[in-house]
4 protein chains.
Amino acid sequence: MQRSKTANQILKAAEALFSEQGFPETTMRQITAAADVNLAAVNYHFGSKQGLIEAVSEKYLSPFCDYIENAVVERLGGSSDKTVTSNELMEMVMRALLEVRQGNAHALSMFMRLLDLSYMKSQTVLREYMFHQYHEKLERFLTLLRDDVSPMEDDEFFWRLHFLMGSMVFTLSNFQTLASIEKNEFDKEVEIENVLHRMIPVLTAGLQARSDKTYFCRL
Amino acid sequence: MQRSKTANQILKAAEALFSEQGFPETTMRQITAAADVNLAAVNYHFGSKQGLIEAVSEKYLSPFCDYIENAVVERLGGSSDKTVTSNELMEMVMRALLEVRQGNAHALSMFMRLLDLSYMKSQTVLREYMFHQYHEKLERFLTLLRDDVSPMEDDEFFWRLHFLMGSMVFTLSNFQTLASIEKNEFDKEVEIENVLHRMIPVLTAGLQARSDKTYFCRL
Amino acid sequence: MQRSKTANQILKAAEALFSEQGFPETTMRQITAAADVNLAAVNYHFGSKQGLIEAVSEKYLSPFCDYIENAVVERLGGSSDKTVTSNELMEMVMRALLEVRQGNAHALSMFMRLLDLSYMKSQTVLREYMFHQYHEKLERFLTLLRDDVSPMEDDEFFWRLHFLMGSMVFTLSNFQTLASIEKNEFDKEVEIENVLHRMIPVLTAGLQARSDKTYFCRL
Amino acid sequence: MQRSKTANQILKAAEALFSEQGFPETTMRQITAAADVNLAAVNYHFGSKQGLIEAVSEKYLSPFCDYIENAVVERLGGSSDKTVTSNELMEMVMRALLEVRQGNAHALSMFMRLLDLSYMKSQTVLREYMFHQYHEKLERFLTLLRDDVSPMEDDEFFWRLHFLMGSMVFTLSNFQTLASIEKNEFDKEVEIENVLHRMIPVLTAGLQARSDKTYFCRL
DNA sequence: AATGAATGAGGGTTCATTCAT
DNA sequence: AATGAATGAACCCTCATTCAT
């Protein structure tokens, strides 16, 4: 056990609250009350609220990236000129997300909220911190993806990646709400795995879509 | 002019701040200072911060839905058995979003943030308020869309719609950040119209994607 | 009444507490409790604790300097080549201090503590703020003083002024303690006027003292 | 080495910080961080923050008083009816202060701040602790001083001593600030010995000043 | 002899809101 | 219609201290 018991209680409580309410709406008092520890404990163990956010960031971003990195290595074996379909690569992402989820029921929502947060204008520090963490580990994955999709310019690829991210971030960070709507509307209890599964063909198709510029530009 | 001058100043200032910082991070003091009005003015004119949020919600959701409703009517003429391609329907959405943008540079980001907010667990009231506003007006549009996409179950369609929403919400509400990354990375100044344009084929393809259940379920 | 009732209550309470306990030891909660106002009132009226300190600074420094400025003008009449004895100038200072005291029993101690505070390394802002306030108003006074004392270099004069200041600051800011020692030791109830009075010949003599460099430098 | 290495590191660090920032503004965390020891070490070695203050108090007050006591003995030889000029006695004080300074660059400022602190209303314990330490050792010194100055009542002498103390306490505890003003204003790098030297004639003259009651009482 | 972990109390500040005018 | 003043509640954080090891 690397972290103290108290620090782990804090992390666990914080993840649940962050996942449900978002980061700014979650207060230190809520966290420490839920973790049944002293209010000062967060600052003792993590320095500040922002420090706690960075700690959960590292806790989940690291394994996520590692999983993908390893999956790529395993898939390629030794050869460096293989290609992998984007469909398969999307599956890897989903499996990596499931890995993240292992530890904790709320982990996945929180992880997605974290990605969302990192794109806020004011969160340049967090954004660069996270980017620094993953950009090397995901390099080969991104190269493989780029190689498989239909030819497009770099910035087109950039935006498409963020369209994908948006789908994931929005539906997974709001999973609780969406699941309850699904329950009311269709009387079905959806599992998060199910949503990950559903995302694969949609994201793949989106990535592969042929750019058609004829219509809209007439606007 | 239905609203008083003060109320309009408040709305304008609030939109810009909501767009940049998000709703919970934006304070009444920031809003009233930017609008150059008294601190109490928001409560006076809109009852509460939540009231102000609902006001901007109505201000932008209404024209958005109206635009789509009208576009559908125009497209269909009188006949009720026509079909419209999903691609064309996506274009309608993008044009509707551009309509929203007319009024104000920040409006689109804010509108997207509003949608995001409405899916928070704690925002049931806002969510139902918004749902109440749009569900009738968008009914025909959704039916047309449903008719054009490959056959799928209702809940599959429900999730796909939210994947689409996610792409829009994430990239447009964080447009400022993404644009500045694009600037740094590719040295291109991207316009929001450009992003809307790029989204059309991706979202259409995502919607149309064939569900392929063979791989992942073995997980 | 320029300031609101609440702001004045705060000032009054703050002066008493600052005078007794010093600035860093005095808390906002103590102040607002003593003033019987809401905790947030200090920040509302003065922006911050530092703002409150600057407000009391201005409140007392201004009349003090004005008194001296006016006293000098009156004494000189129209003529600009008169000389005034340093003894008389010291009396002016003491009378100016009594003026400060008028408003409030604790004002003088607090005013002296304020001077003390302003010489702390960390209080550059306050120091410059205060210096900015008084340096013009006291210019003629200081020139007169300089003219009357035995010839010495500028920096010698600088240090002597601060020796004088030290006598005033130390004994007046700690007047309460010193008075109670006097009570125990000599069974006398000393008034602050009495101390001011006693200071005059001592400070004058100190200022006028002939520099004698023979002894100590052999050290 | 009487004290443990850790305790000495703490003392050294604390002196520097106390000297620069004053006692209440200096935190245990700052001290232990600067001393590179555990946060709990201060309480372990000195019982409390107040205990640490008392420790530095003893560390410097003791040698200071001893120096003066010995200097008086040496000066008097065996005879008990000699007189010593107040000028010479002031020199002794300055030499004693230089002794204090030997150990540590910040010691003198801190020692003066300590005297200042001891006159705070709330520091009765510290004040009596210090008084208890020095009053016997300084008895003969004070008698000699009393004998040399012009005749005055006991309480007049009491106040004059505190005027002197004020000059020393104020200028030496704020030496860093004053030195930097001197640098800016007169472009001179002043040494603390220089200030001590300058104080001698001023303090002596102040002590010796004839009380002149004619003017001010008319106020 | 020494320390990492933890804590209760309290620090200054800011929040959205309300009230009297 | 509008606002300056004021407020209760809550914010994050830091304090000196203690405890188990």
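Residue numbers begin at 1 in each chain, while the letters A, B, ... track the order of the sequences.
- Taking side-chain N and O atoms only, B:T27 has a distance below 4.0 Å to OP1 or OP2 of E:dC15.
- Residue C:L11 forms a side chain to side chain contact (heavy atoms under 4.5 Å, CB included) with just one option from C:N104, C:I31, C:V56, and that option is C:V56.
- Whole-Å rounding puts the B:Q9 CD to F:dT3 C1' distance at 14 Å.
- C:R29 contributes a side-chain N or O that forms a donor-acceptor pair with the base of E:dG12 under 3.5 Å.
- The partner of E:dT13, taking Watson-Crick or G-U wobble pairs whose two distances both stay under 3.5 Å, is F:dA10.
- The side chain of D:K49 approaches F:dA16 more closely than any other nucleotide in the set F:dA5, F:dA16, E:dG11.
- Residue order along DNA chain F, read from the 5' end via each residue's closest nucleotide, puts B:A7 first among A:G47 and B:A7.
- In this structure F:dC15 sits in a base pair with E:dG8, meeting the Watson-Crick or G-U test at under 3.5 Å.
- Nucleotide E:dA1 has no partner under the Watson-Crick or G-U criteria, as no pair reaches both atom distances under 3.5 Å.
- Following rounding to the nearest Å, B:I31 (CD1) and E:dT14 (P) show an atom-to-atom distance of 17 Å.
- Atom CG of A:N8 is separated from atom C1' of E:dA6 by 15 Å (rounded to the nearest Å).
- Taking atom CD of residue D:E25 and atom P of nucleotide F:dC15, one finds them 12 Å apart after rounding to whole Å.
- Residue B:A40 is the one, among D:L39 and B:A40, whose nearest nucleotide of DNA chain F lies closer to the 5' end (criterion: closest heavy atom).
- Following rounding to the nearest Å, C:M28 (CE) and F:dA9 (P) show an atom-to-atom distance of 18 Å.
- An OP1 or OP2 oxygen of F:dA1 is reached within less than 4.0 angstrom by a side-chain nitrogen or oxygen of B:Y44.
- Side-chain nitrogen and oxygen atoms of B:S4 include at least one within less than 4.0 Å of the OP1 or OP2 phosphate oxygen of F:dA2.
- Dashed line: the shortest gap from a side-chain N or O of D:H45 to OP1 or OP2 of E:dA1 is not under 4.0 Å.
- Between D:N43 atom CG and F:dA20 atom P the separation is 16 Å, expressed in whole Å.
- What separates CZ of B:F46 from P of E:dT18 is a distance of 16 Å, to the nearest Å.
- Rounded to a whole Å, the CD atom of C:Q21 is 10 Å from the P atom of E:dG11.
- Residue contacts shown for A:T26 are limited to sugar-phosphate atoms, with no base heavy atom under 4.0 Å away.
- Residue D:T6 has a polar side-chain atom (N or O) positioned under 4.0 Å from OP1 or OP2 of E:dA2.
- Within the 4.0 Å cut-off from OP1 or OP2 of F:dA6, not a single side-chain nitrogen or oxygen of C:N38 is found.
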